Amino acid sequence: MRDSANTRILDAGEASAIEQAAAKIREGGVVAFPTETVYGLGADTFNKEAVCRIYEIKKRPSFDPLIVHVCSPDEAIRLWCEIPSVALTLMKKFWPGPLTLVLPKNPSVPDLVTAGLGTVAVRMPKNPVALELIRKSGTPIAAPSANRFGGVSPTTAQAVYEDLKDGPDFILDGGPAVIGLESTVLKIEKNLGVLLRPGGVAVEELENFLRVRTASRSAKMPESPGQLKSHYATQTPLCLLDRPLGHTLDELEKFRGGRPAGRYPRIGLLSFGSPTDPDGLFHAAEELSAKKSLREAAAKLFQVMRKLDKMGLDLILATPVPERGIGLAIMDRLRKASSINNLMGFLSGWK
Ligand code: TXA
Ligand code: MG
């Protein structure tokens, strides 16, 4: 990975790298930085021009609000204007960590950051580089995931570079993200939690502290503007299977038998556990976790999606994972990435 004309890559392990990045944030620049979930594309929350640049670099529509990253609960409290006691409890329990809380905003938070909503999403990340960057910047950092809008979130500095090259002033390289998919976004209404996006903190864990309902997906008034269907998408068409692979292997075998030789699509398998492919039906196969650990699968998901996406495949076939714990977030991302409902219909139309 090399610097491009407008973007410098800084190794977070090197002396003064974080200070340099913080100085850039203070002077109104845009810096991609590591968090424990995915890399973020950050700017000073109170600098409207800098925040504007984030939307431009990502090509993100301005109706989709950003998460503000803080380095302490006190800093978060200054961004909100109403804080129910259950929010304080959740902050104590889950911060620093992959939980974003949405509460009514303090008027000082620019509308551009919240896309005009009366609430602001805030989280305190667990990554030490992120925390030091925020602390040294002296301001909360507004940051979406550091990918092009609608694409797969980056879990390495390399992935940020591939997506955004000439966009940010700096990319602060802090190694691969340990959780690998985004934070859980929870809006708090009185004492009820509204799950806007499943993520790094499992809903089951939140339910120890408050009742949680899932946000409505009304097309007219989505409760979370960023939860569009086509998010997290690979360029290659992706099909999430709704049942184990066995049946599909038979169908693919039959399909291949009815095609002229050499006219079978290049299919990549994204498998939860160890892949099975006795008949050589797949051009490539990647497993998320041989031991079927959901944590390990989450950490590898976006990396594997990006890898398969670069192989020039005709189709990516993904197997489902159990929908418990962080598995709910994995399935949410796979469903949003999945553009094909009817696999055999897609294949029969394939040229
Ligand atoms: O783990 C993460 O959350 C990463 C890292 C960088 O912190 N950030 C991230 O940001 O995933 P982004 O912008 O890609 O996703 C933020 C989500 C979007 O779906 C957005 O619509 C929602 O949070 N959101 C932000 N502010 C909101 C608000 N005030 N009300 C409802 N939804 C909000
Ligand atoms: Mg994102």
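Both ligands and their constituent atoms are indexed starting at 1 by order of listing. These numbers were taken from a predicted model, which means no experiment stands behind them. All residue numbers refer to positions in the sequence shown, counting from 1.
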[X] N/O to ligand 1 N/O under 3.5 Å:
X	result
Thr100	no
Lys58	no
Arg197	yes
Tyr39	no
Thr35	no

Flag Ser145 as yes if one of its N/O/S atoms falls below 2.8 Å of the Mg ion (ligand 2), otherwise no.
-> yes
List ligand 1 atoms under 4.0 Å from [X], heavy atoms only on the residue side.
X	value
Thr37	1 (O), 2 (C), 4 (C), 5 (C)
His69	5 (C), 6 (C), 7 (O)
Gly40	6 (C)
Asp64	18 (C), 20 (C), 21 (O)
Pro144	10 (O), 12 (P), 13 (O)

Best match, [options]: closest heavy atom to [atom]:
atom	options	result
atom 29 (N) of ligand 1	Thr119, Thr184, Val194	Thr119
atom 27 (C) of ligand 1	Pro65, Ala130, Gly116	Pro65
atom 8 (N) of ligand 1	Ile67, Leu196, Val102	Ile67

Record the part of [X] in heavy-atom contact with ligand 1 below 4.0 Å; permitted values are side chain, backbone, both and neither.
X	value
Arg60	side chain
Lys105	neither
Lys187	neither

Please state whether the rings of Phe94 and Phe209 are parallel, tilted or perpendicular, taking 30° and 60° as the class boundaries.
->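 Aromatic pair Phe94/Phe209 classed perpendicular.
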Examine ligand 1 and decide if any of its atoms is less than 4.0 Å from a heavy atom belonging to Leu117.
->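 Distance cut 4.0 Å: Leu117 passes for ligand 1.
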Does Phe149 have Arg60 sitting over its ring (NZ/CZ under 6.0 Å from centre, angle to axis within 45°)?
-> no
Centre of Tyr264's six-membered ring, under 6.0 Å away, within 45 degrees of the axis: is that where NZ or CZ of Arg256 sits?
-> yes
Do [X] and [Y] get their side chains close enough for a donor-acceptor pair, meaning under 3.5 Å?
X	Y	answer
Glu182	Ser153	yes
Thr234	Thr236	no
Arg243	Thr319	no

Ignoring hydrogens and angles, tell me if any N or O in the side chain of Asp44 forms a donor-acceptor pair with the backbone of Phe46 under 3.5 Å.
->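 Yes; at least one donor-acceptor contact below 3.5 Å.
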Say you draw a straight line from CZ of Arg8 to NZ of Lys24; how long is it, rounded to the nearest 0.5 Å?
-> 9.0 Å
What heavy-atom pair brings Thr100 and Ala121 nearest, and what distance separates the two atoms?
-> CG2-CB, 3.6 Å
Does the distance from a Lys or Arg side-chain N to an Asp or Glu carboxylate O, for Asp163 and Arg306, drop under 4.0 Å?
-> yes
So does Glu56 pair up with Arg53, basic N to acidic O under 4.0 Å?
->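 No, Glu56 and Arg53 are not salt-bridged.
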